[in-house]
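What follows is one structure encoded as structure tokens, with my remarks underneath.
None of the values given here were measured: they were computed from a predicted structure.
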Amino acid sequence: EVQLQASGGGLVQAGGSLRLSCAASGSAVDDYGIAWFRQAPGKEREGVSFINVGRKFYAGSVKDRFTISRDNAKNTVYLQMNSLKPEDTAVYYCATAPRLPFSLWRTPSYYTFWGQGTLVTVSS
């Protein structure tokens with residue numbers, strides 16, 4: 001069993017920054033890839049970023065603005081979000097699954113464990 005705890009959301013003006021954290025606990029979680037998803041009202045959940053064994057992936061809409069990183073000593077994955085835009089407003093979730101193929105990282109249905117979500121609101 002794996003537990004994920006997402007935090008760090010809040011209200012920020014356009015152009016500002018936030019850092020989200022996803023604290024993971026449970027067996028073998030060090031070997032799992034961890035992703036960030038987001039879901040805006042009325043929209044489908046979309047993959048934002050993914051990290052595993054040193055490889056990082058980003059959605060095109062956040063590339064060059066968001067940075068994912070991992071502190072294995074703390075079992076925590078971070079999402080540094082810079083140059084935030086109003087369209088980044090959403091509930092952000094972290095998620096993980098064992099042995100997830102890199103090619104499927106953007107597909108929510110392949111994830112087994114989800115954090116509770118943290119709200120990011122970007123004002124214009």
Below 4.5 Å, heavy atoms only, C-beta onward: do [X] and [Y] meet side chain to side chain?
X   : Y    : answer
Y78 : D71  : yes
T96 : V2   : yes
Q3  : F113 : no

Which donor-acceptor pairs under 3.5 Å do side chains of residues 97-112 form with protein atoms, sequence neighbours excluded?
residue : atom : partner : partner atom : Å
Y111    : OH   : W105    : O            : 2.6

Query raised in the report: Transitively linked via ILVMFWY side-chain contacts under 4.5 Å: Y92 with V62?
Result: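 Same hydrophobic cluster.
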Query raised in the report: Can V48 be reached from F37 by stepping across I, L, V, M, F, W or Y side chains whose heavy atoms are under 4.5 Å apart?
Result: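 Result: no, two separate clusters.
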**Report entry** W36 vs E46, side-chain contact (heavy atoms from CB on, under 4.5 Å): CA-CA, chis, key distance, verdict
**Finding:** CA-CA 9 Å; W36 284 99; E46 65 167 341; over 6 Å; no
Requested in this report: May I have all residue pairs that pass disulfide (SG to SG under 2.5 Å) and include part of residues 89-124, sequence neighbours excluded?
Outcome: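 Listed once each, the pairs are C22-C94.
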**Report entry** Where at least one partner belongs to residues 32-62, residue pairs that pass disulfide (SG to SG under 2.5 Å), sequence neighbours excluded
**Finding:**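 Listed by first then second residue: nothing to list.
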Report task. Can you tell me which residue pairs pass the side-chain hydrogen bond (donor to acceptor under 3.5 Å, both in side chains) test with a partner in residues 79-90, sequence neighbours excluded? Result ->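 Qualifying pairs: S17-N82, R38-D88, R65-D88, Q80-N82.
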Please report, to 0.1 Å, the donor-acceptor pairs under 3.5 Å made by any side chain of residues 116-124, with sequence neighbours excluded.
residue : atom : partner : partner atom : Å
Q116    : OE1  : A6      : N            : 3.2
Q116    : NE2  : A6      : O            : 2.7
T118    : OG1  : G9      : N            : 3.0

Mind listing the side-chain donor-acceptor pairs of residues 49-59 below 3.5 Å, one per line with the distance, residues two or more places apart or on another chain?
residue : atom : partner : partner atom : Å
S49     : OG   : F57     : O            : 2.8
K56     : NZ   : I68     : O            : 3.2
Y58     : OH   : I68     : N            : 2.9

Report task. Check A24 against L4 and note the closest heavy-atom contact, atom names and distance. Result ->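 Of all heavy-atom pairs spanning A24 and L4, the closest is CB-CD2, 3.6 Å.
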